[in-house]
Amino acid sequence: MKNLRVRFAPSPTGYLHVGSARTFIFNWLYARHNHGTMVLRLDDTDVERNTEASVQSIFAGLHWLGFDWDEEYRQSERLALHRDAAETIFAKGLAYRDFTPAHSGDDETSSAQGAWLSNPGMRELSREESDRRAAEGEPFALRCRVPRGEDRTLRFVDGVYGAQSKLADEVEDFALLRSDGMPTYHLASCVDDADLRISHIIRGQDHLTNTFKHLLIFEALGVDPPQFAHLPLLVAPDGAKLSKRKHGPVVSVTTYRDAGFLPQAFVNFLCLLGWSPKNDRDFLSLNEIRDLFTLEGVNRANAVVNFTESASSPSEFGPFDPKAVWLNAEHIRALPIEELSRQLEPFFEEAGFHPSPEKLLAVTPLIRERIKLLREAVSAADFFFVSELAPYDPAELIPQKGDAEMARRVLQTAEQVLAKTPFDHDSLDKALREAAASLGLKAGPMFQPIRVAVCGRKNAPPLFETMVVLGRELCLARIRQAIARIASLG
RNA sequence: GGCGCUAUCGUCUAGGGGUUAGGACGUGAGAUUCUCAAUCUUAAAACCCGGGUUCGAUUCCCGGUAGCGCUACCA
């Protein structure tokens with residue numbers, strides 16, 4: 001589709017939120033699916049709350065996810081445009097000055113009965129008096145003069161929610177300009193959408209009812225409104241909208257990155273929240289999603305991000321939605337070893353290990369199926385990179401139905417075998433199994449003491465591959481230490 | 001309070017006037033295995049309630065209920 005233009009318009013008041021990220025993704029998918037243009041616009045008109053750090057964090061989050069965009073704007077650099085538009089609307093008589101002081105806080109005066117529509121007297125102020133008071137320097141907000149008593153119905157067809165309508169008489173005279181002269185979100189957003197020729201506005205459902213106001217602004221501007229499509233919201237298990245205050249770091253994209261999510265897995269997860277390919281598939285690449293994506297596939301009910309609330313029930317894989325974790329494990333297994341190895345590297349560095357690329361590449365296949373988050377690789381494979389094993393309980397060396405003496409015999413036999421067996425998988429396999437047979441042991445009781453001696457723990461990757469990577473000398477040294485530890489057991 | 005939106009297993013969802021209401025995650029059981037994983041098999045688990053329309057509604061309509069959103073000179 002030519003001239004298809006969408007935009008993602010975050011206000012930089014904090015880190016990149018998972019809900020915002022999903023909104024970006026859906027816009028991006030729609031643009032790329034239809035060969036349109038993706039615009040990134042920073043809606044930074046709220047000078048009090050906007051920070052440059054937040055802008056950077058949004059960029060960082062989007063880049064980590066692997067996305068790009070075609071054009072970039074900042075609303076704060078377009079103020080003149082917004083003010084001109086406000087002036088034009090005022091000149092047309094479609095807006096009026098409201099000299100009522102801004103009411104602070106959350107007083108309940110308006111919510112008691114019915115809806116507030118406008119401040120008394122202000123809408124009816126004569127042009128002369130309005131001009132006079134403005135000239136005297138009295139501060140005012142500029143409000144939209146919403147059609148009254150015309151029995152007018154505002155309508156639009158939403159790309160997701162279908163035909164929508166609302167009586168203009170039920171829309172309040174919302175502000176266009178604040179008393180400090182700054183445009184409100186509604187004005188700035190619509191003016192920019194019009195100026196940037198945005199053809200489709202895809203945003204959160206929290207804007208669904210705001211759209212009627214926006215229709216009025218586009219009309220006042222004398223332009224055709226774009227198409228609208230609203231996305232169901234992402235909510236917490238308690239049903240509330242995701243918020244940093246209430247739900248903590250699980251709503252920040254960086255939390256997923258730092259915990260070891262693969263961007264493609266996280267994107268996959270987010271896309272499945274409120275959208276379905278309708279083909280019973282859930283493990284999808286970005287390209288597949290892009291090809292399959294349509295607004296018709298978006299559903300209308302809010303989706304719960306099923307993270308674990310607070311620290312009340314700490315889960316093995318953190319607070320994350322189990323499906324996100326599972327998808328991440330799937331994507332990890334789908335990655336070529338070289339690529340996975342590269343992805344793992346920073347996590348080892350951060351943990352203070354400095355593995356050589358070759359060593360890491362050798363270890364990666366051994367842990368690939370044992371981790372669900374990249375970060376887990378460190379604890380799953382640390383014993384490959386330390387010269388000295390962390391202290392472990394010598395009792396672990398003793399197999400289920402065995403005793404210290406049996407463990408000692410196993411280890412001594414292993415030491416002899418390992419000293420003279422070629423250090424490759426098949427040779428070790430054969431030699432160790434034969435040794436087990438000669439001791440009258442099954443594989444289990446034979447391998448556990450060796451595994452614990454070599455890895456320092458019971459649960460580890462397969463023994464032979466592990467020993468090959470570790471090398472003969474290190475294995476022998478650790479087995480000797482283990483024998484000593486058993487002796488100390490008494 | 002007003003207005004709007006929504007409602008299928010615990011969660012994400014498919015489906016749709018007549019179905020054994022499907023899939024996935026998670027959970028239980030089993031198989032496999034040198035441990036842990038992975039893998040395979042398998043089990044339990046849902047159409048919010050009430051009225052219509054209809055031969056027949058989970059599906060269509062209306063009402064209720066619940067949840068969410070908006071109701072700011074936040075976005």
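Just so it is clear: chains get the letters A, B, ... in the order the sequence lines come, proteins before strands, and each one is counted from 1.
The side chain of A/Asp280 approaches B/G23 more closely than any other nucleotide in the set B/U39, B/G23, B/C34. Set against B/C34, B/G4, B/A38, the side chain of A/Leu208 has B/G4 as its closest nucleotide. Of the candidate nucleotides B/C70, B/U11, B/C73, B/C70 has the atom nearest to the side chain of A/Asn210. Taking every side-chain heavy atom of A/Leu233 into account, B/G69 is the closest of B/C36, B/A24, B/G69. When distances are taken from the side chain of A/Gln205 to each of B/C12, B/C73, B/C5, the shortest belongs to B/C5. Listed nucleotides: B/C36, B/G23, B/C34. Nearest to the side chain of A/Phe464: B/C34. Distances were taken from every side-chain heavy atom of A/Thr209 (C-beta onward) to each of B/C36, B/A7, B/G69; the shortest belongs to B/G69. When distances are taken from the side chain of A/Leu273 to each of B/C5, B/U6, B/C12, the shortest belongs to B/C12.
Taking the six-membered ring where tryptophan is involved, the planes of A/Phe320 and A/Tyr256 are tilted, since the angle between them lies from 30° to 60°. Aromatic ring orientation, A/Phe174 versus A/His186: perpendicular (interplanar angle above 60°, classes split at 30° and 60°).
Figure legend. B/A31 is base-paired to B/U39; pairs are counted as Watson-Crick or G-U wobble with both atom distances under 3.5 Å.
Within the structure, every side-chain polar atom (N or O) of A/Lys323 is placed at least 4.0 Å from both OP1 and OP2 of B/A24.
Scanning for side-chain contact (heavy atoms from CB on, under 4.5 Å) contacts around A/Pro277 gives A/Leu272, A/Trp275, A/Asn279, A/Leu284, A/Leu292, with sequence neighbours left out. Annotation: side-chain contact (heavy atoms from CB on, under 4.5 Å) contacts of A/Ala240 (sequence neighbours excluded): A/Asp238, A/Lys246, A/His247.
A heavy atom lying under 4.0 Å from RNA chain B marks the following residues of residues 11-20 of chain A, by number: A/Ser11.
Atoms CZ and CG, from A/Phe261 and A/Leu374 in turn, are 9.5 Å apart once rounded to the nearest 0.5 Å.
Under 4.0 Å is where a charged nitrogen must lie from a carboxylate oxygen, and between A/Asp206 and A/Lys241 at least one such pair does.
With hydrogens and angles ignored, a donor-acceptor pair closer than 3.5 Å exists between the side chain of A/Arg370 and the base of B/C36.
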